[in-house]
Amino acid sequence: MVVVAIGIALGNWQTRRAEEKIAVAAQSHERGMQAPIVLGGGGGKQQYDRVGSRAHPTYRRVQVTGEFVQSWPVFLDNRPHAGRAGFYLAMPFKIAGSDEHVLVLRGWLPRDPREYGRLPEYATPAGTTTVEGIIVAGAGHVMQLGAAAPIKPGAIVQNLEVEDMARASGLRLAPYFVQQSGPPAPGDALVRDWPAPDTGVDKHRGYAVQWYALAAMAALFFVITGFRSGRKQVE
């Protein structure tokens with residue numbers, strides 16, 4: 001009976017976690033439908049004069065004007081798209097009228113299957129430009145085999161954290177990424193078909209089923225053994 005109680009309690013907990021994740025996904029979708037925040041001020045929309053001065057909710061749409069730091073591209077490896085191997089291109093973006101930067105995930109680029117270490121070609125707008133996108137907490141994580149490659153201009157890395165990029169580049173970076181959605185630039189080969197965020201709802205539901213199954217088996221075992229014990233006493 002103790003096992004039954006534990007199984008039911010843990011199953012209920014996983015069910016609540018799934019419901020919480022569903023609520024977060026719904027909130028994220030709602031944020032994505034709202035008018036974009038303008039980082040750095042200007043434009044007559046909701047403004048954030050300093051990128052680090054207020055909390056920036058994940059999956060909030062943003063618009064920012066400034067310049068890409070073209071000398072600091074970093075390529076995130078093992079990011080497949082449509083069955084092809086490739087990279088995410090990450091690049092710092094200096095906000096106009098400020099010494100602050102935001103790390104922009106510019107999009108996906110294919111890997112050359114004939115030459116593993118060859119970097120793909122891409123175009124970067126020169127001068128002042130405006131980037132649209134959504135705020136994300138990270139660039140996603142993949143399995144890291146061996147020691148992480150040092151972060152430097154043109155580096156190919158498995159994973160990238162804002163803090164590590166800030167230390168390596170010496171740039172002042174906001175504590176999040178902007179996943180670029182547009183606008184496309186002339187000659188822009190970057191693919192911005194970003195995968196939907198994984199909320200982990202199915203995982204919690206699967207765990208809940210396992211705990212409920214354990215509770216059911218324990219209850220069935222209790223009933224069967226109790227029935228057999230009763231029969232032996234009668235005999």
Side-chain angles (χ1 to χ4, degrees), residues 39-40 50-52 56 58 62 64-82 84-195 197:
L39 300 181
R50 295 177 58 81
V51 296
H56 293 266
T58 306
V62 293
V64 55
T65 298
E67 297 183 42
F68 282 106
V69 183
Q70 301 195 34
S71 60
W72 259 101
V74 175
F75 298 85
L76 279 66
D77 200 3
N78 292 328
R79 268 44 178 205
H81 174 74
R84 300 178 62 189
F87 309 92
Y88 286 164
L89 172 61
M91 191 177 291
F93 187 88
K94 185 179 184 298
I95 299 175
S98 171
D99 64 346
E100 295 172 307
H101 301 71
V102 63
L103 195 53
V104 176
L105 295 173
R106 296 193 56 200
W108 179 87
L109 291 165
R111 176 189 286 280
D112 188 340
R114 298 165 298 180
E115 192 173 346
Y116 183 82
R118 182 178 180 180
L119 296 176
E121 296 181 359
Y122 61 93
T124 301
T128 302
T129 187
T130 297
V131 169
E132 300 170 358
I134 63 170
I135 292 174
V136 292
H141 284 261
V142 299
M143 182 179 294
Q144 177 74 54
L145 299 176
I151 299 175
K152 59 183 180 180
I156 298 176
V157 299
Q158 301 294 320
N159 300 295
L160 182 64
E161 301 294 339
V162 172
E163 296 84 356
D164 297 335
M165 182 69 173
R167 282 193 295 269
S169 65
L171 300 174
R172 187 179 180 188
L173 290 169
Y176 52 81
F177 293 80
V178 169
Q179 194 178 76
Q180 185 177 357
S181 58
D188 193 350
L190 290 152
V191 177
R192 299 190 176 96
D193 182 20
W194 299 104

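Note that the numbering runs from 1 along the sequence shown for the chain.
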Visitor: Pair Leu171, Lys94 - check side-chain contact (heavy atoms from CB on, under 4.5 Å), show working.
Guide: CA-CA 9 Å; Leu171 300 174; Lys94 185 179 184 298; over 6 Å; no

Visitor: Using a 3.5 Å distance criterion without hydrogens, assess whether the side chain of Trp108 forms a donor-acceptor pair with backbone atoms of Asp193.
Guide: no

Visitor: Go through it in stages, so that I can follow the logic: the residues are Val142 and Arg79, the test is side-chain contact (heavy atoms from CB on, under 4.5 Å), and I'd like the CA-CA distance, side-chain angles, deciding distance and then a yes or no.
Guide: CA-CA 8 Å; Val142 299; Arg79 268 44 178 205; 3.6 Å; yes

Visitor: Checking Trp72 now: which residues fulfil ring pair (Phe, Tyr, Trp, His ring centres under 6.0 Å) with it, not counting sequence neighbours?
Guide: none

Visitor: Could you measure the distance from the OG1 atom of Thr65 to the CD atom of Glu132? Nearest 0.5 Å is fine.
Guide: 9.5 Å

Visitor: If you compare all heavy atoms of Trp194 against all heavy atoms of Arg106, which two are closest, and at what distance to 0.1 Å?
Guide: CZ2-C, 4.1 Å

Visitor: Listing request: all side-chain hydrogen bond (donor to acceptor under 3.5 Å, both in side chains) pairs with a residue in residues 134-143, at least two apart in sequence or in separate chains.
Guide: His141-Glu161

Visitor: With sequence neighbours excluded, tell me which residues meet side chain to side chain contact (heavy atoms under 4.5 Å, CB included) with Ser71.
Guide: Val69

Visitor: Mind checking the CG-CD1 spacing from Asp164 to Ile151? Nearest 0.5 Å is all I need.
Guide: 4.5 Å

Visitor: At their closest point, which heavy atom of Gln180 faces which heavy atom of Arg192, and how far apart are they?
Guide: O-CD, 3.3 Å

Visitor: Of Gln70, Glu67, Met165, which is the lone residue that meets side-chain contact (heavy atoms from CB on, under 4.5 Å) with Pro92?
Guide: Met165

Visitor: Do Ser98 and Arg172 meet the criterion of a side-chain donor-acceptor pair at a distance under 3.5 Å?
Guide: no

Visitor: So among Val102, Leu103, Ile134, Val104, which one has a side-chain contact (heavy atoms from CB on, under 4.5 Å) with Phe177?
Guide: Leu103

Visitor: For residues Pro110 and Arg84, report the shortest heavy-atom separation together with the two atoms involved.
Guide: CB-NH2, 3.3 Å

Visitor: To the nearest 0.5 Å, tell me how far Met91 CE sits from Leu105 CG.
Guide: 11.5 Å

Visitor: Write out all pairs satisfying side-chain hydrogen bond (donor to acceptor under 3.5 Å, both in side chains) with one or both partners inside residues 147-159, taking only residues at least two apart or from two chains.
Guide: Asn78-Gln158

Visitor: Which pair of non-hydrogen atoms, one from Leu119 and one from Gly154, has the smallest distance, and what is that distance?
Guide: CD1-O, 3.7 Å

Visitor: For a quick test of reading the model, state the closest non-hydrogen atom pair linking Gly133 to Val178 and the distance between them.
Guide: CA-CG1, 4.1 Å

Visitor: Could I get the full list of ring pair (Phe, Tyr, Trp, His ring centres under 6.0 Å) partners for Phe93, not counting sequence neighbours?
Guide: Phe68

Visitor: Applying side chain to side chain contact (heavy atoms under 4.5 Å, CB included), name anything that partners Pro120, two or more places apart in sequence or on another chain.
Guide: Phe75, Phe87, Leu109

Visitor: For a quick test of reading the model, state the closest non-hydrogen atom pair linking Pro150 to Ala155 and the distance between them.
Guide: O-CB, 3.6 Å

